[in-house]
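As a basis for the values below, the full set of heavy atoms in this structure was taken, side chains included, without hydrogen atoms, waters or symmetry mates. Numbers here are sequence positions counted from 1.
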Amino acid sequence: MRKRTLGFVALGAAASILLSACGGGSEEGESSSAATFDQGSTEIVNPSDKTGGTLRYAIAADFDSTDPGNTYYGFSWNFSRYYARTLLAFNPAPAQGSTELITDLAAGMPEPNSDFTEWTVKIQEGLKYEDGTEITAQDIKYAIARSNFNGGELNLGPKYFASHLDQEEFNVYETDDPLAAFTAVETPDDYTLVFHLKESFSEFPYVLTQSQTAPVPVEADRGALYQENVLSSGPYKFDGSYEPGVKLDLVRNEHWDASTDPVRPALPDEITVEIGVNQDEIDQRLVNGDLDVDLTGSGVGPSMRGTLLTDEEAQDNLDNPFSGALRYVNIHTPVIEDVACRQAIMYAADRDSLQRAWGGESGGDIATNLLPPTLPGSDPESDLYPSEDNKGDLEAAKAKLEECGEPDGFSTTIAVRDGRDNDIDTAEALQESLKRVGIEAKVQTFPAEDFFGQYAGSQDYVRENNIGMSVSGWGPDWATGYGFAYAITAGEAISETGNYNTAEIDDPEINALWAEALATEAPDERADIYQQIDTLVMEQAAILPVVFDRSLFYRSDELTNVYYSAAYMMYDFMALGVDRG
């Protein structure tokens with residue numbers, strides 16, 4: 001008999017964060033009475049069930065989109081849960097406990113057929129939107145359709161559904177009856193969804209955590225303009241319209257039912273987001289108590305990092321978790337076509353200076369492979385481009401330049417997101433490294449909110465503007481090699497715009513291994529496949545790993561229920577409250 005146990009956690013097994021905070025011990029997930037350095041990495045700091053007040057966020061750049069169906073930034077996924085419930089969710093618990101699955105809109109965990117090509121999930125009855133109308137299975141079906149089959153109008157989110165559903169291409173905005181055209185998902189009644197896949201996919205339930213499963217009624221959809229006023233299914237709704245580059249304010253949704261929601265304690269009365277605030281100003285206001293959370297979720301910037309790490313009085317307010325993310329540089333294969341030229345970049349990179357761009361050891365561990373060490377299949381000892389003291393092997397780099405017919409080097413551009421100081425420092429450190437072997441790299445910044453939609457993730461723009469490299473960060477959509485690396489290394493994941501396989505890796509051997517992994521049930525066997533993919537990506541020199549990221553977070557004494565979520569690689573926004581009394 002085929003085993004159906006895939007390591008997921010049922011609703012009843014997930015204790016609320018507030019209850020889990022009451023133990024007072026030192027085990028992971030529990031809390032001690034006084035906050036200490038890095039406590040929030042494994043425990044809940046300042047547990048409280050106090051409601052009320054305003055939770056204040058700020059961000060230097062902006063959301064890629066506030067539309068749950070059109071976003072791929074980690075902080076957007078985390079934040080959108082305030083107003084967008086999903087079929088499944090990650091367990092609200094500190095550290096690795098957060099990587100387990102529980103239900104959200106769903107009434108129970110998805111049920112597969114014998115070969116994992118069909119999944120059935122039922123949703124809770126009586127759930128409501130902010131206008132009091134009922135949430136139905138058809139709304140979730142339409143949300144998935146609009147996110148994945150929209151003719152390119154919504155191009156920023158992942159394409160797991162488009163890749164795996166057994167569905168002919170169509171456009172919801174050019175179809176009279178989009179629900180009828182979307183045959184890969186059936187809704188036999190208002191509370192049941194049946195997903196039909198092209199091939200076996202034992203990790204499919206993880207896809208159901210994604211914000212693309214947040215319900216959207218057909219009549220509410222406004223395409224790209226939907227982000228201005230998203231119809232809330234969660235405990236908060238938009239207060240006025242989202243103003244890109246300016247602000248987003250949330251207030252309570254009176255039609256949300258707390259008894260149906262195992263994820264969101266919804267403690268604050270209001271939530272505000274200031275957009276376009278300089279990173280140094282955000283950091284200073286966090287320390288001064290004028291802000292509560294940096295929405296970006298990647299920790300304080302370089303200037304404040306150095307200040308806080310040497311401030312004895314600040315130590316008990318700091319967390320320095322290993323995030324599970326990789327900071328890296330894409331080497332765009334259509335622009336730097338010869339693998340030997342790409343390998344020259346790998347050899348010439350001064351990994352020591354790249355690590356210092358991320359704050360040294362407190363900013364992350366030097367990475368020489370693709371998969372973060374927390375994931376099955378990772379081999380952090382793998383290093384195909386070694387050098388003494390991590391300073392780069394310039395002789396090997398020059399030999400590779402000879403091999404690719406560029407003995408004197410070449411010129412290219414490194415694209416980087418505006419407002420991301422560490423990214424910019426990384427690009428400038430790499431620029432200096434490459435100069436040593438004659439590679440001239442111009443560093444050019446682009447708006448963070450459009451970086452993947454219009455610039456580094458646009459095939460045409462990359463080719464027309466000689467964008468040979470781009471600085472990125474990536475964390476797992478879920479905690480497996482597939483959840484981490486498929487979207488950035490699989491040929492099927494490449495898209496004309498909104499492209500996150502920015503290096504445009506389309507290697508037949510890698511693609512074949514991804515197909516093999518999809519049909520492999522045993523997790524340890526899948527891990528072996530993921531390790532092979534890791535090695536092939538490094539051989540292709542399509543991604544230059546920089547650091548396995550460690551963030552430095554400052555949490556004020558007024559912030560309650562603070563803990564690091566490995567699932568989102570930042571604080572769990574849903575847990576947070578404020579106590580200014």
Side-chain angles (χ1 to χ4, degrees), residues 56-66 71-80 156 227 242-248 272-287 290-308 323 325-330 354 356-359 363-364 413-431 442-458 461 465 467 469-475 498 500 502 546-547 549 551-554 568-571 573:
R56 305 162 301 180
Y57 289 84
I59 187 169
D62 203 344
F63 296 90
D64 52 349
S65 174
T66 58
T71 175
Y72 213 163
Y73 281 176
F75 73 83
S76 294
W77 280 16
N78 193 356
F79 187 88
S80 68
L156 297 178
Q227 69 166 349
Y242 159 55
E243 298 180 37
V246 182
K247 68 172 185 174
L248 173 64
T272 61
V273 180
E274 294 180 60
I275 300 168
V277 183
N278 176 272
Q279 185 64 53
D280 288 340
E281 180 183 343
I282 289 174
D283 294 342
Q284 191 61 58
R285 289 172 63 186
L286 283 172
V287 173
D290 297 327
L291 279 175
D292 300 307
V293 191
D294 180 353
L295 179 60
T296 307
S298 57
V300 299
S303 298
M304 185 58 73
R305 175 187 287 269
T307 299
L308 291 175
S323 73
L326 171 69
R327 305 294 175 179
Y328 65 98
V329 178
N330 295 288
L354 291 173
R356 282 187 274 111
W358 280 92
T413 297
I414 305 174
V416 65
R417 287 174 284 191
D418 191 23
R420 302 289 183 95
D421 291 342
N422 294 114
D423 286 8
I424 294 169
D425 290 347
T426 297
E428 292 176 347
L430 182 58
Q431 180 186 48
K442 179 179 72 173
V443 176
Q444 188 169 355
T445 61
F446 299 95
E449 61 272 20
D450 298 319
F451 190 70
F452 295 100
Q454 298 181 25
Y455 301 107
S458 166
Y461 191 90
N465 293 275
I467 307 294
M469 288 172 277
S470 59
V471 181
S472 282
W474 200 258
Y500 297 95
T502 319
V546 176
V547 295
D549 179 63
S551 299
L552 187 71
F553 295 102
Y554 182 88
Y568 289 97
M569 298 172 294
M570 61 190 76
Y571 288 146
F573 293 164

Least distance between heavy atoms, [X] atom then [Y] atom:
X: L326; Y: V546; result: CD1-N, 4.3 Å
X: F451; Y: S470; result: CZ-CB, 4.1 Å
X: D62; Y: Y242; result: OD1-OH, 2.9 Å
X: S551; Y: D549; result: OG-OD2, 3.1 Å
X: Q227; Y: S65; result: OE1-OG, 3.2 Å
X: Q444; Y: Y461; result: NE2-OH, 4.3 Å

In the structure I gave you, are the side-chain heavy atoms of [X] and [Y] within less than 4.5 Å of one another anywhere?
X: R417; Y: Y455; result: no
X: T426; Y: R327; result: no
X: D294; Y: V300; result: no
X: E274; Y: I282; result: no

Tell me whether [X] contacts the main-chain N or O of [Y] through its side chain, where contact means a donor paired with an acceptor under 3.5 Å.
X: N465; Y: I467; answer: no
X: N78; Y: G74; answer: no
X: N422; Y: A357; answer: yes
X: S323; Y: M569; answer: no
X: D423; Y: V416; answer: no
X: D292; Y: R56; answer: yes

Next on the checklist: Just to verify, what does Y72 make a ring-ring contact (aromatic ring centres under 6.0 Å, His included) with, not counting sequence neighbours?
Outcome noted: W77, W474, Y500
Item to check | F79: partners by ring-ring contact (aromatic ring centres under 6.0 Å, His included), with sequence neighbours left out | outcome: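 Expected list: Y57, F63, Y82.
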Could you measure the distance from the [atom1] atom of [X] to the [atom2] atom of [Y]? Nearest 0.5 Å is fine.
X: M570; Y: L295; atom1: CE; atom2: CG; value: 8.0 Å
X: N278; Y: D421; atom1: CG; atom2: CG; value: 7.5 Å
X: I414; Y: L430; atom1: CD1; atom2: CG; value: 4.5 Å
X: L286; Y: Y554; atom1: CG; atom2: OH; value: 8.5 Å
X: S298; Y: L552; atom1: OG; atom2: CG; value: 11.0 Å
X: T272; Y: L291; atom1: OG1; atom2: CG; value: 8.0 Å

Item to check | Pairing residues for D283 by the salt bridge (Lys or Arg N to Asp or Glu O under 4.0 Å) criterion, not counting sequence neighbours | outcome: none
